[in-house]
Amino acid sequence: MENKIANRQGFSSGLAVFFATLGSAVGLGNIWKFPYLTGEFGGGAFLLIYLLCIVFVGLPIMLSEFYIGRKTRKNVVGAFEQLKPGTPWNSIGLMGVVASYLIMFFYSCVAGWVYSYVFKAIRGDFSGITPELANTQFASTINSPVWPIMWQVIVVFVVSAILISGVKNGIERVTKTLMPVLFILIIICDIRALTLPNSSKGFSFLFHIDFSRLTGPVILTALGLAFFKLSLGMGTMITYGSYFTKDNNMVNTALRVAISDTIVSILAGLAIFPAVFSFGMEPGAGPGLLFMTIPLVFSQVPFGNMLLIAFFVLSSIAATTAMISMVEVPVAYFSEEKGISRTKAVLINAVIILVIGSLATLSADGSSLLGGFTMFGKTLFDMFDFISSNILLPIGGLLIALFIGYATRKDDLKNELSNNGILRNRRVVDVFYVIVKFITPILLIIVFLNSIGVIKVS
Ligand code: PFF
């Protein structure tokens with residue numbers, strides 16, 4: 001047993017820890033989901049609630065997950081089993097594994113769309129693009145019964161290949177080099193978008209707070225997005241935490257990851273909304289928003305097509321590194337708890353993702369092959385997203401907060417988060433403890449009760 005833990009791979013340095021964790025957080029959530037939800041749910045008001053969720057829910061849960069992971073050095077199920085053997089707490093881990101699958105089913109589909117846009121941009125499909133053409137391009141991309149699935153297969157293949165190479169060679173190397181490049185490219189996008197005619201309307205859409213837009217569903221969606229964004233509530237950060245170095249300052253890592261991730265989301269919003277308003281498009285256009293605006297942002301500028309290719313290449317990379325962290329949850333679980341080899345665990349997961357994920361892909365849009373098949377008014381694609389982001393991740397987060405607040409000794413927490421007293425962060429840990437014990441659970445419960453109509457916040 002001891003031997004198995006000693007032989008476990010891990011990240012090699014503090015920098016690697018930071019970039020790998022950031023690589024999990026930054027992904028389609030920033031460039032695809034954050035802008036389209038902000039567009040659909042009212043701009044600045046949604047952004048404000050989202051930021052509050054990051055501070056009072058996201059950050060404390062991220063730190064809790066880091067603690068659980070690094071203390072136990074185990075996968076998501078094994079970690080709870082080690083801390084509280086034979087208790088129902090380890091069902092948090094199993095729920096996390098289920099949530100990770102639901103997310104992978106639709107995430108691999110959207111990642112496939114992004115990959116296909118690289119190919120289209122290289123082929124020159126976006127030359128002379130107009131808002132109408134951008135619309136039809138997107139519709140034809142997602143409605144074909146064959147191509148999106150083929151791209152999804154490619155995504156799953158790439159993710160699996162990296163995962164088979166292991167934690168250090170695979171995850172670490174890819175994230176460390178490419179995250180900074182993505183950041184620079186989004187800034188180039190921003191400069192272009194903010195110099196378009198009428199761009200100020202997009203700017204004020206993102207930052208002007210209209211309190212009348214704050215309804216129960218808006219708040220629940222912002223909360224779900226915070227979980228999805230920071231990869232929380234399903235044990236991804238427990239799994240990654242288990243690979244952290246012993247001397248990592250986890251409070252700092254959590255802060256730096258949450259801040260950097262939020263900056264990337266806001267920068268993505270600043271690239272997309274000015275373009276939406278400048279080209280007379282609809283901010284509430286839904287999941288196609290990214291795909292319809294970015295080709296327009298780069299139209300009619302010098303080297304526009306090259307920038308477009310670079311943008312989608314880097315977005316593909318961000319989607320891939322985020323997806324790697326998702327698949328790592330069941331892979332670590334299967335290989336450590338069920339005794340199958342890492343390679344086999346990756347391959348089994350690849351098959352599961354593709355079989356069920358292709359159904360998500362075929363239902364991504366009302367006019368897709370399975371688009372007419374709905375449950376509670378939602379397509380399969382939307383259902384996977386809704387159940388994972390808005391239900392399972394927040395419930396997982398609530399249970400994790402309760403676990404830390406009520407089933408963990410405060411001294412253990414202090415020791416682990418201060419690296420056995422080496423770091424002088426007593427005060428910060430005290431504040432974290434109060435938030436995670438009282439504020440985070442209460443907020444989560446209020447949002448839930450509000451969303452199912454038991455109480456009325458607005
Ligand atoms: N945080 C990723 C993103 O915003 O794209 C998505 C994600 C990754 C969610 C890993 C959950 C997860 F475990």
Side-chain angles (χ1 to χ4, degrees), residues 19-38 50 53-54 58-59 61-62 65-66 69 75-76 92-93 95-114 155 159 162-163 171 174-175 178-179 182 186 221-243 254 257-258 260-269 287 290 314-333 349 353 384-397 400:
F19 280 118
T21 313
L22 191 64
S24 166
V26 172
L28 295 173
N30 309 66
I31 50 173
W32 167 70
K33 206 171 190 202
F34 170 84
Y36 99 73
L37 289 178
T38 306
Y50 173 74
C53 290
I54 293 287
L59 259 173
I61 290 177
M62 185 184 273
E65 292 202 21
F66 287 172
N75 63 86
V76 62
I92 302 179
M95 210 172 81
V97 174
V98 173
S100 73
Y101 280 118
L102 294 181
I103 297 183
M104 288 183 284
F105 296 151
F106 72 89
Y107 206 87
S108 54
C109 159
V110 182
W113 300 346
V114 177
V155 169
V159 168
I162 298 174
L163 277 169
I171 301 176
V174 178
T175 49
L178 296 164
M179 279 291 118
L182 175 69
I186 296 185
T221 307
L223 178 76
L225 180 63
F227 275 97
F228 182 88
K229 267 304 329 104
L230 297 181
S231 316
L232 300 173
M234 53 174 259
T236 303
M237 293 305 180
I238 294 179
T239 311
Y240 268 27
S242 75
Y243 303 134
V257 168
S260 317
D261 179 72
T262 307
I263 292 176
V264 176
S265 294
I266 293 176
L267 289 177
L290 164 78
L314 289 158
S315 302
S316 306
I317 293 162
T320 307
T321 56
M323 188 151 163
I324 286 171
S325 72
M326 254 174 250
V327 191
E328 182 65 20
V329 174
V331 165
Y333 165 61
N349 278 297
I353 299 168
F384 289 146
D385 185 4
F386 184 83
I387 296 179
S388 53
S389 302
N390 291 14
I391 301 178
L392 291 181
L393 300 187
I395 291 181
I400 289 169

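The first residue in the sequence is number 1, and the count goes up from there. Indexing begins at 1, ligand by ligand and atom by atom, following the structure's order.
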Among non-hydrogen protein atoms, atom 8 (C) of ligand 1 lies closest to S231 OG, 3.3 Å

With nothing but distance in play, are any N or O atoms of F228 less than 3.5 Å from an N or O of ligand 1? yes

Here the gap from Y107 atom OH to T320 atom OG1, rounded to the nearest 0.5 Å, amounts to 8.5 Å

CZ (F384) and SG (C109) are apart, to the nearest 0.5 Å, by 11.0 Å

Quick look: M234 vs ligand 1, heavy-atom contacts under 4.0 Å, and the answer is side chain

Is there any N or O on S325 that sits under 3.5 Å from an N or O of ligand 1?
no

So, does Y107 sit close enough to ligand 1 that a heavy atom of it is under 4.0 Å from the ligand?
yes

Atom 13 (F) of ligand 1: closest protein heavy atom, distance to 0.1 Å, is T236 OG1, 2.4 Å

Q: Look at the side chain of S231 and the backbone N and O of S24, then say whether any donor-acceptor pair between them is shorter than 3.5 Å.
A: yes

the protein heavy atom lying closest to atom 4 (O) of ligand 1 turns out to be K229 NZ, 2.4 Å

Note: ligand 1 atoms sitting under 4.0 Å from heavy atoms of L28 are 5 (O)

Output for pair (F227 CZ, L223 CG), nearest 0.5 Å, gives 5.0 Å

Check for me whether S100 has a heavy atom closer than 4.0 Å to any atom of ligand 1. no

Out of A25, G23, A322, G96, the nearest non-hydrogen contact to atom 3 (C) of ligand 1 is supplied by A25

To the nearest 0.5 Å, atom CG of N390 lies from atom CG of L225 at 9.0 Å

Any side-chain to backbone donor/acceptor pair from S389 onto F386? Under 3.5 Å, distance only. no

Query raised in the report: Just distances here: any N/O of L230 and N/O of ligand 1 closer than 3.5 Å?
Result: no

dist I186:CD1 -> I31:CD1 (nearest 0.5 Å) comes out at 6.5 Å

I'd like to check N349 versus Y101 (side-chain heavy atoms, cut-off strictly below 4.5 Å). Are they in contact? yes

Ranking A319, G29, G235, S24 by closest non-hydrogen atom to atom 2 (C) of ligand 1, top hit is S24

